[in-house]
Amino acid sequence: MSTPSENSELPQALVDDLRALGGIRAPEELWMRVQEQRQISALAELESSQVVRAPEALWDRVQAARAARGEFAAPRGRVLPWKQLQILSAAAAVLVLGVIGFRYLGEENHTMVQPVLAGATDAATKEALRARALGMVVPPEELSPSARTVAQAFGAALPLEQSPKGMPEEGR
Amino acid sequence: MRRFLLLLPAVLFACEGQQATQTASKSTSSSGEQLAASAPPGGGLPQASGGAQARIYPDVAYPEDLEVEIVRLAELRDSAGLMQQLEERLLSNGLGNTQLTLQGVAAEVGQPLNNPTPAQSDRYLAQQGYYIKYRDLHLGASSALWQNYLVAQGAETVDIAGIACEHYTLTHQHGMGDAELFIDPASRLLMGWTLFDASGIATARMRVQSVNWSPNFGSASWPVPFVSEQDYAGAADDHLLGLPPLRPTYLPQGYYLAEARILFTEVLLPGFGNLLVERYSDGVRQLFLAQHERDLSPGHQPLANITQLRLSDLGGLRIAEGDPTLHRLYVVGDLPLSELHTIFGGMLPD
């Protein structure tokens, strides 16, 4: 690692050229830029080194003093680090979703008489549902009497033959 | 944590507020319905599409809600594809009492009406309440109607029974079958309706032939239902059914549960069990899921296999019937048989 003295030494040719300039001064701006660069370098060096934290008690005293001056209300209890706040926030979100979900589950028990719009289902799922039962297409005559009566009550055409019996009749 | 606990009621309150907002929106929609419905007729056809289109919910009164006597002609497509004609007389006192009688029957449009057979008259006598409630067209929730149909009022009136009626067309958004309504502009009475299938063929049609606004109830004998019924309130009522009902896990797009009723059929038909009827609606069309405990007494054999079901096309309506587990289940609607099969399968255990 080079020392500052080594870095301060300039090549002899450059020294000769500078001396050849005689009494001409360097612009003031050059000096200001050099100063800025030195400050930036110093800050970078400070950041790269380990930062020594102030004691918690000192922070508490500062907060209390600021509160006493009315700058803001002093927090009660311990101020939680960010990670703990994140964990608590996540837990809160889970709890809120759980409560809301429970509320909707509770409503699910009453959906029997509540309008619920149905959702879409993909073709593969529908095929799987159909596979649960073997369907046979039959003429209406091969339906059970109760099935025919239910269908008629819901709007199927009236049988022109003798009506089958055996299902709920609204009657009179 | 204490901060969170303090926030929790606020969060829930916010949820309540959101629900209240939704409720308010629904109220606004209802108001909108009334405004749209009460808009004067003859204002021209609404545009069939477009975001600025006014949503129309036809202002309609059903005969069973009015004091009226009507004669009407119902046409229902049968399994042979013929339009069966049924001439009916409906008497209503507007207080919940109705009487529907069959006056004439023809197997096909164009044939003369014949007197009904005793069996046909008996069937009407027995099921008249179901015909009025379930077979006759009733509009459902506006949200479903608007989700599934484009509703437009025709610029021209249509004459039915001497009344120039408003004509509404209900075009299904996904081509599942359109509908049309005819409404008396003065009384708002539903004077006629037609249901079409996906190919545009009429499957059911109703036209009022005459209206009497001063009916004579002197000779009326209001029918008393053989079977009492009540709303199904969920699991708390399962003991009335004998066993928990099968639940649908699949329903076609756009349908919502409009009503669930228990019919106390067991008193009338021992061994049959009480019937649970769930009525779903897409705003116009209806889908019925009916189930009861299977009769396991001797002589009442179940269908061959618990995983079998029978599918049949009855013309305008189709049905799926089967005996899954300890239930007998019926799925009835004008949907394709494959859809009824899917709904049925979705009610079976995995």
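Predicted model, so just to flag it, every value in this text is computed and none were measured. In what follows, every chain begins at residue 1, and chains take the letters A, B, ... in the order their sequences are listed.
Using a 4.5 Å cut-off between heavy atoms, A:Pro140 touches chain B through backbone and side chain atoms alike. No part of B:Gln286 comes within reach of chain A, as not one of its non-hydrogen atoms sits under 4.5 angstrom from that chain. B:Asp334 does not touch chain A: none of its heavy atoms, backbone or side chain, sits under 4.5 Å away. Looking at B:Thr203, neither its backbone nor its side chain comes within 4.5 Å of chain A, counting heavy atoms on both sides. Contacts between B:Tyr124 and chain A at a heavy-atom distance below 4.5 Å involve the side chain alone, from C-beta outward. Within the 4.5 angstrom heavy-atom criterion, only backbone atoms of B:Arg77 (N, CA, C, O) approach chain A. Interface remark: B:Thr342 contributes backbone and side-chain atoms alike to the contact with chain A (heavy atom separation under 4.5 Å). When heavy atoms are compared at a cutoff of 4.5 Å, A:Glu142 approaches chain B solely by way of its backbone atoms N, CA, C and O. Using a 4.5 Å cut-off between heavy atoms, B:Leu102 contacts chain A through its side chain alone, with no backbone atom that close.
Between A:Arg132 and A:Glu127, none of the side-chain N atoms (NZ, or NE/NH1/NH2) sits under 4.0 Å from a carboxylate O, so this pair counts as no salt bridge. A salt bridge between B:Lys133 and B:Glu229 is present, with a side-chain N of the basic residue lying under 4.0 Å from a carboxylate O of the acidic one. Under a 4.0 Å N-O distance rule, the pair A:Glu141/A:Arg148 does not qualify as a salt bridge.
Annotation: the span from B:Glu259 atom CD to B:Phe288 atom CZ amounts to 9.0 Å, rounded to 0.5 Å.
A tilted orientation is assigned to the rings of B:His292 and B:Tyr330, their planes being inclined by 30° to 60°.
By the side-chain hydrogen bond (donor to acceptor under 3.5 Å, both in side chains) test, B:Gln291 is found to be paired with no residue, residues two or more places apart in sequence or in another chain being considered.
When B:Asp282, B:Asp136, B:Leu86, B:Leu317 are compared by the number of non-hydrogen pairs under 4.5 Å with chain A, B:Leu317 comes out ahead.
A donor-acceptor contact under 3.5 angstrom links the side chains of B:Tyr250 and B:Glu339, judged on distance only.
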